[in-house]
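This report refers to the structure that appears directly beneath it.
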Amino acid sequence: MSLLTAEQIGKKFGGVVALNDVSLTVEKGEIVGMIGPNGSGKTTFINNLSGLYAPTAGRFVFNGEDITGYPAHEITAKGISRTFQNLRIFPNISVLENILIGLHCRIPVSLWDVYARIMKTRKIEKQAGEKAMAVLEIAGLAGRHQTLAKNLPYGKQRLLEICRAIVSDPHLLLLDEPCAGMNPVEMDDLADFIRVLQEKGITVFVIEHNMRFIMSVAQRLIVLENGSKFREGTPDQIQKDKEVQAIYLGEEGDI
Ligand SMILES: Nc1ncnc2c1ncn2[C@@H]1O[C@H](COP(=O)(O)OP(=O)(O)OP(=O)(O)O)[C@@H](O)[C@H]1O
Ligand SMILES: [Mg+2]
């Protein structure tokens, strides 16, 4: 059974067809890339999958369960985390506090828990702190946990956002253009980081325009064009595909 199956996903915004009949699977442990020209529907795909919108057609099956149209917090609780195309960190709090925010979905909040919560608060905080530090360690940010997020170099801010997404132990991590604004060295660090996440058992679905990056990090690529799945294959197959090259002509992310 695939970790994720998207079946004939469609999304319309009024008269705009942003996605049309997109079917794909993601296997446990894979790094899958999604590419496509601007406006081809990449972000819309993960917005629908992560519960920001509900698709107008089709369904998402995750770990054998139909999760189509679940609200975002339930999707997160099922084990799907994401980052956003535009960086969403809190600039004026510390690196560590930015990570702790990502753990809120794992901390009990029901009334029934209130008493126990008071008793457990210290323990939870300690565990949360340790968990957050462990994640920062993997990203090479542990030494800067007290730094205000805004004072990190841009590439590290991007890593910080990924750290926040993985601290809740997702099975599937969705990254929307994680390289945007990064220099080549930062991109190489990010590629290494993503491979470490894969070794730790996290499946990664990554949208990216930077071809050097996506071709080196993804094991399989899905190409969207105008809201539809245009091609699927290994990076090598996609790179050599003349029709894929043609849809990129004139794009800044030439293949
Ligand atoms: N909330 C929305 N309301 C209306 N139209 C939308 C909305 N979100 C996306 N669209 C439209 O859906 C289409 C796909 O947009 P999307 O952002 O998914 O593309 P993308 O492949 O992520 O592009 P980019 O590479 O520029 O990030 C575009 O025509 C866009 O204008
Ligand atoms: Mg996008």
Side-chain angles (χ1 to χ4, degrees), residues 4 6-24 26 31-60 67-73 75 80-89 154-155 157-159 161-162 164-165 172-182 186-187 190-191 194 204-218 220-233 235 238-239 241 243-255:
L4 174 76
E7 293 175 6
Q8 299 182 300
I9 297 297
K11 180 67 183 178
K12 286 184 187 163
F13 294 105
V16 177
V17 180
L19 290 173
N20 179 41
D21 202 24
V22 176
S23 296
L24 59 90
V26 177
I31 300 175
V32 176
M34 178 175 263
I35 63 172
N38 292 117
S40 56
K42 304 177 300 296
T43 298
T44 303
F45 182 80
I46 66 170
N47 281 347
N48 280 273
L49 170 57
S50 62
L52 226 59
Y53 312 134
T56 38
R59 61 180 203 142
F60 290 107
I67 57 162
T68 321
Y70 280 19
H73 67 276
I75 303 273
I80 300 179
S81 284
R82 68 169 295 177
T83 62
F84 291 85
Q85 192 163 342
N86 301 315
L87 191 59
R88 290 193 184 184
I89 57 164
Y154 183 76
Q157 293 185 17
R158 284 249 160 209
L159 283 189
E161 195 189 18
I162 300 176
R164 188 174 59 212
L172 177 61
L173 174 66
L174 312 174
L175 302 174
D176 194 351
E177 296 197 32
C179 286
M182 282 190 173
E186 290 171 333
M187 281 186 214
L190 176 64
I194 289 175
V204 181
F205 185 90
V206 51
I207 293 172
E208 189 48 63
H209 274 296
N210 186 285
M211 292 300 158
R212 189 177 73 90
F213 175 85
I214 199 76
M215 294 293 169
S216 77
V217 88
R220 194 157 58 85
L221 285 174
I222 289 150
V223 186
L224 283 193
E225 155 72 339
N226 213 0
S228 298
K229 191 163 96 174
F230 183 77
R231 210 59 106 234
E232 180 175 344
I238 297 297
Q239 222 161 352
D241 190 308
E243 289 183 56
V244 173
Q245 288 171 10
I247 66 170
Y248 273 96
L249 284 178
E251 284 268 323
E252 65 180 76
D254 278 355
I255 201 162

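Residues: numbered from 1 along the sequence shown. Numbering of ligands and ligand atoms starts at 1, following listing order.
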Shortest protein heavy-atom distance from [atom], along with the residue and atom involved:
atom	answer
atom 18 (O) of ligand 1	Thr44 OG1, 2.5 Å
atom 23 (O) of ligand 1	Gly39 N, 2.8 Å
atom 26 (O) of ligand 1	Asn38 ND2, 2.9 Å
atom 21 (O) of ligand 1	Lys42 NZ, 2.7 Å
atom 27 (O) of ligand 1	Gln85 NE2, 2.8 Å
atom 3 (N) of ligand 1	Phe13 CD2, 3.4 Å

Interatomic spacing from [atom1] in [X] to [atom2] in [Y] - rounded to 0.5 Å:
X	Y	atom1	atom2	value
Phe13	Thr44	CZ	OG1	4.5 Å
Leu175	Phe205	CG	CZ	10.5 Å
Gln8	Arg59	CD	CZ	10.5 Å
Ile9	Asn20	CD1	CG	11.5 Å
Ile35	Phe230	CD1	CZ	10.5 Å
Cys179	His209	SG	NE2	11.5 Å

Contact bool for atom 12 (O) of ligand 1 (protein heavy atom, d < 4.0 Å):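 Yes.
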Protein N, O or S atoms under 2.8 Å from the Mg ion (ligand 2):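 Under the 2.8 Å cut-off, the count stands at 2.
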Min side-chain heavy-atom separation Leu24-Met34 under 4.5 Å: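 SC-SC contact between Leu24 and Met34 confirmed.
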Side chain proximity check, Phe213 to Met182, heavy atoms < 4.5 angstrom: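 Answer no - side chains too far apart.
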Taking 4.0 angstrom as the limit and counting only heavy atoms of [X], give me the atoms of ligand 1 inside it, by number and element.
X	value
Thr43	17 (O), 18 (O), 20 (P), 22 (O), 27 (O)
Ala18	12 (O), 13 (C)
His209	25 (O)

Test: Glu161 and Arg88 ion pair at under 4.0 Å: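 A salt bridge is absent here (no side-chain N lies under 4.0 Å from a carboxylate O).
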Proximity to ligand 1 by part of Tyr53, non-hydrogen separation under 4.0 Å: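 Looking at Tyr53 and ligand 1, just side chain atoms fall under 4.0 Å.
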Axial cation check for Tyr154 ring with Arg158, 6.0 Å and 45° limits: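 No, Arg158 does not sit over the ring of Tyr154.
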contact_flag Gly41 ligand 1 heavy-atom lt 4.0 Å: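 Under 4.0 Å: yes for Gly41.
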Ligand 1 contacted by Glu177 (non-hydrogen, < 4.0 Å):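 Yes.
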Sidechain-backbone polar pair: Lys229 side chain, Ile222 backbone, donor-acceptor under 3.5 Å: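 No: the side chain of Lys229 does not pair with the backbone of Ile222.
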Side chain to side chain donor-acceptor pair (under 3.5 Å) partner of Asp176, chosen from Thr43, Asn86, Thr83: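 For Asp176, the side chain to side chain donor-acceptor pair (under 3.5 Å) check succeeds only for Thr43.
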